[in-house]
Amino acid sequence: MHVVPLPRHLSPAGQGVLELGGSPRVAVPSGRLLGLGRIVAALLGGSAQVGGEAEVTLTLGAGDGEEYELVVTAEGATVTAGSAEGLFRGATTVAQLVTEDRTVPCVRAGDGPALAWRGLSLDVARRFFTVEQVKRVIDLLALYKFNVLHLHLTDSQAWRLRISAWPRLTGPESYTHDDYREIVAYAAERFVTVVPEIDMPGHVLAAVRAYPELGARTSRPIRSSRFSTRGPR
């Protein structure tokens with residue numbers, strides 16, 4: 001069994017496996033969580049429903065935050081958590097346990113985060129990623145229980161976020177306001193927080209090229225300090 005990160009508790013729970021089939025059902029406890037069920041169903045290649053019999057059942061119970069308990073038997077997989085976020089973390093464990101023949105081993109697992117901030121920095125300033133590519137990164141972060149996407153939007157190479165008052169900052173490879181909202185919303189549905197980075201006062205040559213008047217002016221060149229390892233003369 002390969003799960004990343006390894007849960008605090010993960011052990012076999014009897015013989016046999018859970019057969020998912022071609023379109024497994026994911027049951028949620030209420031219509032309020034149907035959106036979550038659909039995201040989990042997309043991970044498993046199935047469909048979501050409120051209540052009823054299902055191969056994967058998400059159940060609200062004790063606990064809070066991202067803590068969850070998972071029990072997989074030949075009859076079904078049940079994730080129990082005190083929050084939607086915890087249910088999602090448990091569901092991604094199920095998704096990681098799915099084998100090539102569409103089965104899940106019978107296991108018991110319990111987990112919660114060791115670190116509150118589990119992030120990845122994505123540098124879109126030096127190499128642009130389309131909205132769909134950023135979404136794919138978010139999918140991978142969510143699958144492996146990361147919860148922060150640090151988006152490096154500006155640097156000396158390029159400025160990627162359009163600002164209406166400063167239209168020359170960006171070129172064709174940039175994010176509109178709607179693009180950025182779409183990324184943030186997509187991440188939030190998967191319990192990933194997008195942290196934007198806009199550098200200043202350093203690393204802003206892209207902005208200075210677009211608006212030279214923003215650059216510093218000096219009457220003489222700035223010289224770097226020189227240090228000697230030989231000590232004072």
Side-chain angles (χ1 to χ4, degrees), residues 1-116 118 120 135-149 186-192:
M1 294 181 290
H2 299 285
V3 180
V4 178
L6 185 66
R8 293 175 190 165
H9 310 290
L10 179 65
S11 61
Q15 301 297 317
V17 294
L18 169 62
E19 301 274 356
L20 286 184
S23 183
R25 296 160 296 177
V26 176
V28 296
S30 68
R32 183 176 63 86
L33 293 175
L34 191 56
L36 171 63
R38 288 172 177 148
I39 291 172
V40 172
L43 282 175
L44 301 173
S47 59
Q49 63 189 46
V50 177
E53 293 186 1
E55 284 74 23
V56 179
T57 302
L58 308 183
T59 303
L60 287 171
D64 59 359
E66 299 177 73
E67 302 275 345
Y68 71 87
E69 297 290 335
L70 167 65
V71 178
V72 182
T73 69
E75 286 71 43
T78 301
V79 178
T80 305
S83 70
E85 188 173 7
L87 292 175
F88 183 68
R89 301 302 180 206
T92 60
T93 298
V94 176
Q96 287 193 43
L97 287 169
V98 178
T99 64
E100 291 184 1
D101 59 356
R102 302 284 295 163
T103 65
V104 182
C106 294
V107 297
R108 288 182 177 272
D111 199 18
L115 299 172
R118 307 180 303 280
L120 173 80
K135 285 182 177 180
R136 178 56 182 149
V137 171
I138 292 169
D139 288 340
L140 291 170
L141 292 180
L143 180 62
Y144 294 107
K145 300 181 175 66
F146 284 72
N147 64 350
V148 175
L149 173 60
Y186 188 87
E189 289 175 341
R190 289 149 183 82
F191 303 96
V192 174

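Keep in mind that this is a model prediction, so the values were computed, not measured.
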### Residue pairs fulfilling salt bridge (charged side-chain N to carboxylate O under 4.0 Å, His left out) with at least one residue in residues 29-42, sequence neighbours excluded
none

### Query
Under the salt bridge (charged side-chain N to carboxylate O under 4.0 Å, His left out) rule, what pairs show up with a residue in residues 73-82, not counting sequence neighbours?
none

### Query
Which is it for V40 and L58 under the side chain to side chain contact (heavy atoms under 4.5 Å, CB included) test, yes or no, and what are the steps along the way?
CA-CA 10 Å; V40 172; L58 308 183; 4.2 Å; yes

Hey, is the main chain of [Y] close enough, under 3.5 Å, to the side chain of [X] for a donor-acceptor pair?
| X | Y | result |
| --- | --- | --- |
| D111 | G90 | no |
| S83 | G65 | yes |
| E67 | A81 | no |
| E189 | I39 | no |

Drop me the distance from [X]'s [atom1] to [Y]'s [atom2], to the nearest 0.5 angstrom.
| X | Y | atom1 | atom2 | value |
| --- | --- | --- | --- | --- |
| L34 | Q49 | CG | CD | 9.5 Å |
| T59 | E69 | OG1 | CD | 12.5 Å |
| L87 | T57 | CG | OG1 | 11.0 Å |
| T92 | L44 | OG1 | CG | 10.0 Å |

Could you tell me which residues satisfy salt bridge (Lys or Arg N to Asp or Glu O under 4.0 Å) with [X], sequence neighbours excluded, listed by chain and number?
| X | answer |
| --- | --- |
| E66 | R89, R118 |
| R108 | none |
| R136 | none |

Within the structure provided, determine whether [X] and [Y] are in side-chain contact (heavy-atom separation under 4.5 Å).
| X | Y | answer |
| --- | --- | --- |
| V148 | L120 | no |
| P113 | K145 | no |
| L149 | L141 | yes |

Closest approach of [X] to [Y] (non-hydrogen atoms, all atoms of both residues):
| X | Y | value |
| --- | --- | --- |
| A84 | L33 | CB-CD2, 3.8 Å |
| P7 | G110 | CB-O, 3.9 Å |
| A41 | A48 | CB-N, 4.0 Å |
| P105 | V17 | CA-CG1, 4.2 Å |
| S47 | S23 | N-OG, 4.2 Å |
| F88 | L43 | CE1-CD1, 4.3 Å |

### Task
Kindly write out the residues that satisfy side chain to side chain donor-acceptor pair (under 3.5 Å) with T99, not counting sequence neighbours, or none if the list is empty.
D101, T103

### Message
Would you say Y144 and D139 are linked by a side-chain donor-acceptor pair, where the criterion is simply a distance under 3.5 Å?
### Response
no

### Query
Where do V72 and L70 land on the side chain to side chain contact (heavy atoms under 4.5 Å, CB included) test, with the steps shown first?
CA-CA 7 Å; V72 182; L70 167 65; 3.8 Å; yes

### Task
List the steps and the verdict of side chain to side chain contact (heavy atoms under 4.5 Å, CB included) for F191 and N147.
CA-CA 6 Å; F191 303 96; N147 64 350; over 6 Å; no

### Task
List the steps, then state whether side chain to side chain donor-acceptor pair (under 3.5 Å) holds for T93 with Y68.
CA-CA 10 Å; T93 298; Y68 71 87; 2.7 Å; yes

#### Entry: R102/E55 salt bridge by N-O under 4.0 Å criterion
no

